[in-house]
Number of protein chains: 2
Amino acid sequence: MNILKHISVDCAIFGFEGGELKLLLIKRDDEYIHNEWALPGGNIREDEGVNEAAQRILAEMSGVGDVYMDQVYVFGDPGRVKDRIVTVAFYALVNPAIYKLKPNIPGALEARWFELDKIPDVALDHKEIIETSLRKLKRRFKFEPVGYELLPEKFTLRDLQNLYEKIYGIELDNRNFRKKILGARLLIETDGQQKNVSHRPAKLYKFDRERYNAYKRKGINMDILPAWYNDF
Amino acid sequence: MNILKHISVDCAIFGFEGGELKLLLIKRDDEYIHNEWALPGGNIREDEGVNEAAQRILAEMSGVGDVYMDQVYVFGDPGRVKDRIVTVAFYALVNPAIYKLKPNIPGALEARWFELDKIPDVALDHKEIIETSLRKLKRRFKFEPVGYELLPEKFTLRDLQNLYEKIYGIELDNRNFRKKILGARLLIETDGQQKNVSHRPAKLYKFDRERYNAYKRKGINMDILPAWYNDF
DNA sequence: TCAAAAGTGTTTGCAATACACCCATGC
DNA sequence: GCATGGGTGTATTGCAAACACTTTTGA
């Protein structure tokens, strides 16, 4: 199957593991990138959509599909790559515990999760793509509760709070945080508990996807519009 | 100069005129569209960036460049057009009074501003592109004061309120609206007044672009994050 | 019994909302 | 003088923010 010349997709894949927000990078060695860390990416086939191409590429590396992905931006200046290539950037949210890296990815020497403040130099304009993706991720989290994409099925409120704190690099008041999260009624209390912790074990929660879907379009209170206006 | 095969740009151009929010459509007759209303669009040249291509195409129709434009989304499913073409959609905000339509645009039989609730059937998947663009426009206005792109240099507070009301299709309380707008200190009172109105003439204001640029990254109050967090 | 994190309520202040009347002008 | 939209102020209320102690468990 032919590919579309002059277009590619690149994916900023975020994961949350060990209390840290991480980004997946690949050490690539191909026509454009020589033994450098870079975002996973690739070409679009003639018979697949742009979004599907991104899903496929992610699946080829992690072995799993149906992942939360979102378009970030199109980078298309001439000169961004040796040949003239316009790339559509995506970001994806995955739980690294589930989405294990595949070994022996063709064209990739190595794959690794990097903590956000330890990202090495990357190829081409991928630094800019990463920064733009992170900005978009922050915005997303500001306006929509997507945290569960990054967490295991069951998690504690502290896990969720840590996630927010890592994404924004700030500390949150845990009373207010719990009030808001529980007040949104997006979590379902399970009968599980933390195990093997040397302190009071936390309750485990899971996301209420149904209620989440209802919330999806809610939007947030703004200066100009009345808060009840949610038609987005 | 060669063009990039398999990629195009399409522009949803919004204007505000006569108290109505309008969209510019072109009656196109070319390889893909036969005598149908459609968004202005075209190919990307090898030596120009994607964003520049969008600016150029807009300039070719209106004769004016340096317009507020923003990427909306990439539409790239196979089958959206006869051949395999991925299109990058943009929206632009222009003041129709300034950006006059050019006659005799190559490949375009006619160009016209349509009120949003009177948009005719459009070619290909342009209906979807228009809807997505409008959604993005609404979001933009919710979080950033870009109204002045659509208004003349000097305007009344009522003009601005009308603009918001048209975009969202709701009515706003004028006392609260004025309080917020003036409170944001984004407007500079000029010494001009409305003329020839058979009622108390309104003061004319202009935007304070400098202060606006400072506000640009402010972001809005959110549920999870403290309101003072603005690092976007 | 100590360490460590989980869990919990109240007060305060600000900002969004709702609401109604006088003002300036043209005709 | 009247019709028309411009322009203004206040009271209420709900929510975000700040804040500290008790509870539960493992070691």
Side-chain angles (χ1 to χ4, degrees), chain A residues 18-19 141-143 145 151 154-166 168 170-185 187-205 215 218-230, chain B residues 18-19 142-143 145 151 154-166 168 170-205 215 218-230:
Chain A
F141 266 77
K142 199 170 197 282
F143 300 121
L151 292 169
K154 297 181 180 184
F155 53 88
T156 68
L157 286 176
R158 170 55 59 175
D159 292 334
L160 187 60
Q161 185 176 337
N162 283 341
L163 175 55
Y164 274 90
E165 291 182 342
K166 285 296 175 184
Y168 294 104
I170 59 173
E171 296 202 340
L172 299 168
D173 180 283
N174 76 330
R175 282 165 293 189
N176 293 333
F177 181 81
R178 298 164 79 94
K179 215 182 305 175
K180 284 173 190 171
I181 293 291
L182 294 176
R185 313 209 51 185
L187 298 184
I188 300 171
E189 197 177 321
T190 73
D191 48 9
Q193 281 196 339
Q194 273 183 321
K195 302 269 185 200
N196 300 323
V197 286
S198 74
H199 56 76
R200 176 171 174 176
K203 285 180 197 159
L204 295 175
Y205 291 82
Y215 265 71
K218 191 185 168 189
I220 307 298
N221 150 19
M222 196 289 185
D223 290 334
I224 299 290
L225 295 171
W228 49 261
Y229 184 79
N230 295 320
Chain B
K142 198 170 198 282
F143 300 122
L151 292 169
K154 297 182 180 184
F155 53 88
T156 68
L157 286 176
R158 170 57 59 176
D159 292 334
L160 187 59
Q161 185 175 337
N162 283 341
L163 175 55
Y164 273 90
E165 290 182 342
K166 285 297 175 183
Y168 293 104
I170 59 172
E171 296 202 340
L172 299 168
D173 180 284
N174 77 330
R175 281 164 295 189
N176 294 333
F177 181 82
R178 298 165 79 93
K179 215 181 307 175
K180 284 173 189 170
I181 293 290
L182 294 176
R185 313 210 50 187
L186 281 167
L187 298 186
I188 300 171
E189 197 177 321
T190 72
D191 48 9
Q193 282 197 339
Q194 273 183 319
K195 302 267 183 200
N196 301 323
V197 286
S198 72
H199 57 75
R200 176 172 175 177
K203 285 179 197 157
L204 295 176
Y205 291 83
Y215 265 72
K218 192 185 167 190
I220 306 300
N221 150 19
M222 197 287 187
D223 289 335
I224 299 291
L225 295 170
W228 48 261
Y229 185 80
N230 295 320

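As a basis for the values below, the full set of heavy atoms in this structure was taken, side chains included, without hydrogen atoms, waters or symmetry mates. In what follows, every chain begins at residue 1, and chains take the letters A, B, ... in the order their sequences are listed.
- For the pair Gln193(B) and Pro201(B), the tightest heavy-atom approach, listed with the atom from each and the gap, is OE1-CG, 3.5 Å.
- If you check dG9(C), dT8(D), dA18(C) against the side chain of Lys179(A), the one that comes closest is dG9(C).
- Heavy-atom distances to DNA chain D give each of Arg175(B) and Gln193(A) a nearest nucleotide, and the one nearer the 5′ end belongs to Arg175(B).
- The residue Lys203(B) sits close only to the backbone: its heavy atoms come under 4.0 Å of sugar-phosphate atoms, none of a base.
- When each of dT10(D), dG9(C), dG7(D) is scored by its nearest atom to the side-chain atoms of Ala202(B), the top-ranked nucleotide is dG7(D).
- A straight line from NZ of Lys195(B) to C1' of dG5(D) spans 18 Å, rounded to a whole angstrom.
- Contact check for Leu187(A) versus Phe155(A): side-chain heavy atoms found under the 4.5 Å cut-off.
- Counting heavy atoms from C-beta outward, Leu182(A) and Leu157(A) have side chains that approach closer than 4.5 Å.
- Rounded to an integer number of Å, the gap from Gln194(B) CD to dG7(D) C1' is 12 Å.
- Separating the CZ atom of Phe177(B) from the P atom of dA15(C) is a distance of 19 Å, rounded to the nearest angstrom.
- Nearest nucleotide to the side chain of Arg200(A), out of dG9(D), dG6(D), dT24(D): dT24(D).
- Minimum atom distance to the side chain of Arg178(B) is reached by dG7(D), of the listed dA4(C), dA16(C), dG7(D).
- Spacing between atom CD of Glu189(B) and atom C1' of dG6(D) amounts to 13 Å, rounded to whole angstrom units.
- Take the nearest nucleotide of DNA chain C for Asn196(B) and for Thr156(A): the residue whose nucleotide is more 5' is Thr156(A).
- Counting heavy atoms from C-beta on, the side chains of Arg158(A) and Glu165(A) come closer than 4.5 Å.
- A 4.5 Å side-chain heavy-atom check between Tyr205(B) and Ile181(B) finds every atom pair outside the cut-off.
- Put simply, CZ on Arg158(B) is 19 Å from P on dA24(C), counting in whole angstrom units.
- In this structure, Glu171(A) places its CD atom 13 Å from P of dA18(D), rounding to the nearest Å.
- One can place CD1 of Ile181(A) at 12 Å from P of dA16(D), the figure rounded to the nearest angstrom.
- Here dT25(C) is the nucleotide among dT25(C), dG9(C), dT24(D) with the atom lying nearest to any side-chain atom of His199(B).
- Minimum atom distance to the side chain of Ser198(B) is reached by dG26(C), of the listed dG7(D), dC19(D), dG26(C).
- Phosphate proximity of dT17(C) to Lys180(B): present, with a side-chain N or O under 4.0 Å from OP1 or OP2.
- Atom pair Gln161(A):CD and dT8(C):C1' shows a separation of 14 Å (rounding to whole Å applied).
- Distances from the side chain of Asn174(B) to the nucleotides dG6(D), dT8(D), dC19(D) place dT8(D) closest.
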